[in-house]
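Chain A is the first sequence line, chain B the second, and so forth, proteins listed ahead of strands; every chain is numbered from 1. Values below: all heavy atoms of this structure, side chains included; hydrogens, waters and symmetry mates excluded.
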2 protein chains.
Amino acid sequence: MALPFGAAARRPARKRTSFLTQDEIVAAAALILERDGYDAMNMRTVAAELRVQAAALYRHIQNRAELNDLLFDYLMADCAPHIRGIDWREDMRLIANAWRQRLVSRRDATRIALSQVSIGPNIAPLMDATFGALSRSGLSENDVVEAYHACLIFVHGFASAEASHRDLLSKLQGGIRIAPPRPEWAEAYPNLSRFADALSAPLNFDAHFAFGLEALFAGIERRIAASP
Amino acid sequence: MALPFGAAARRPARKRTSFLTQDEIVAAAALILERDGYDAMNMRTVAAELRVQAAALYRHIQNRAELNDLLFDYLMADCAPHIRGIDWREDMRLIANAWRQRLVSRRDATRIALSQVSIGPNIAPLMDATFGALSRSGLSENDVVEAYHACLIFVHGFASAEASHRDLLSKLQGGIRIAPPRPEWAEAYPNLSRFADALSAPLNFDAHFAFGLEALFAGIERRIAASP
DNA sequence: ACCTGAACACCGTTCAAGT
DNA sequence: ACCTGAACACCGTTCAAGT
């Protein structure tokens, strides 16, 4: 008689007493994401966490894509910061930093955030705060939407780049060598060569983020000044 | 005796006379990506395109990740535009637009571009041109790297958002309804509600891209003005 | 109605065996 | 050295059958 091993040993197969719920599934997925990473999260591991067969999940969610959708919204819960509503730049900084902070701090969150379009109950307050701040800037209605997209792309794009860069750093101990040593490129690509060291140097994410964000503000202010 | 069907019918199993090469594999992968999309591209379909077994590919590439790497560089071939080297803004506009245009025009290119860090022979000239333009702007060496990252994130992030939005548009005929009709949100999230229509309206990608890019320029100029 | 058990149609990857 | 054939350890998803 073989001893139980692996997940089975840690999770004795006590029969569930209650029915499964969608919230429970999403919470289990979030737990696995945080504990074991995105690659370890799938229908079978989520189901096992709930002491249930994978097929049982399909009673409560449509498919894997919907689970990702619900999970992403779950990860952004209570992310919207308290904003004063006086200076729109101050508000935008708070929102953008909270957003980025959350995306980076929840393991592999950026790998789910990619093609997300649905607006869940936890994303809504964040969007609302952002639109509020931007519409207080003096931008026209049309420009508010453009600025929103530019900010959203920047925050998500930056967080994605930051997360994958941090991931790489943790795997490749001893620093990243972005530019591979191709000596024949030295004269063909002088500009690239000149900045090769700076590219593989450790990044100051806070400073980079602030640079991009303040740049967006500058663009917004210029647009305001240019319109009647 | 069953008739051949599907791919087998279009690609009679004539024996290959020559050996496989890495370039050939990457070209086949690019062909499948363009013809059938990213979800249809895998080791087996790439191998079948070359009238070979999937296992044979591993003599010439390490794994799927390396194929993606090589493929992405392949897709960016000859993307670097001719730049005059006089006005850095003009150059950056040319580079950024060519970059975005290429990312969007090659089917599913943005799905591969995500966690790309390796610099292939086709990416190098693009990077070189970008660093050249930015260092002519008057930015300090340190700021050039920050500006480069901000631009890269913006271009890739924008192209990703544009591609997935276009993809959604082609699937959901009749326009996108970003904000689901949740009447109870109307008073809780007034700012979100006010812009809900604008969010689901068709997007002018060129205008949005120009907005973000010019905003980055404004930020760069402000940074230049602030430094000695 | 909800879940199980078993299956299906996939994936990436490995490896002994052929040529 | 290069490729085949077959297998392994996975995936998401479906469906009849149990309760």
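- When the C1' atom of dT13(C) is taken as reference, atom NE2 of His60(B) falls 17 Å away, rounded to whole Å.
- Ring planes of Tyr148(A) and Phe131(A): parallel class, angle under 30° (limits at 30 and 60°).
- Nucleic acid contact for Arg59(B): base, since at least one base atom lies under 4.0 Å from a heavy atom of the residue.
- Ile61(B) places its CD1 atom 11 Å from the C1' atom of dG12(C), with the value rounded to the nearest Å.
- Here the P atom of nucleotide dC11(D) and the CZ atom of Arg44(B) are 15 Å apart, to the nearest Å.
- Between the CG atom of Asn63(A) and the P atom of dC11(D) there is a distance of 17 Å, rounded to whole Å.
- Contact check on Asp167(A) versus Arg111(A) returns no salt bridge, with no Lys/Arg side-chain nitrogen under 4.0 Å from an Asp/Glu carboxylate oxygen.
- What separates CE of Met43(B) from P of dG12(C) is a distance of 6 Å, to the nearest Å.
- The pairing partner recorded for dC2(C) is dG18(D), the criterion being a Watson-Crick or G-U wobble arrangement whose two distances lie under 3.5 angstrom.
- Here Asp78(B) does not pair with Arg102(B) in a salt bridge; the nearest charged N to carboxylate O distance is not below 4.0 Å.
- Ranked by how close their nearest DNA chain C nucleotide is to the 5' end, Asp39(B) and Ala55(B) are led by Asp39(B).
- Atom P of nucleotide dG12(D) and atom CG of Asn42(A) are separated by 5 Å, given to the nearest angstrom.
- OP1 or OP2 of dG5(D) sits under 4.0 Å from a side-chain N or O of Gln53(B).
- Note: OH (Tyr58(B)) to P (dC11(C)) measures 12 Å, nearest angstrom.
- Shown here, dT13(C) forms a base pair with dA7(D); the pair counts as Watson-Crick or G-U wobble because both key distances fall under 3.5 Å.
- One can place CD of Gln62(A) at 15 Å from C1' of dT14(D), the figure rounded to the nearest angstrom.
- We find that Asp69(A) and Arg64(A) are not joined by a salt bridge, their nearest charged nitrogen and carboxylate oxygen being 4.0 Å or further apart.
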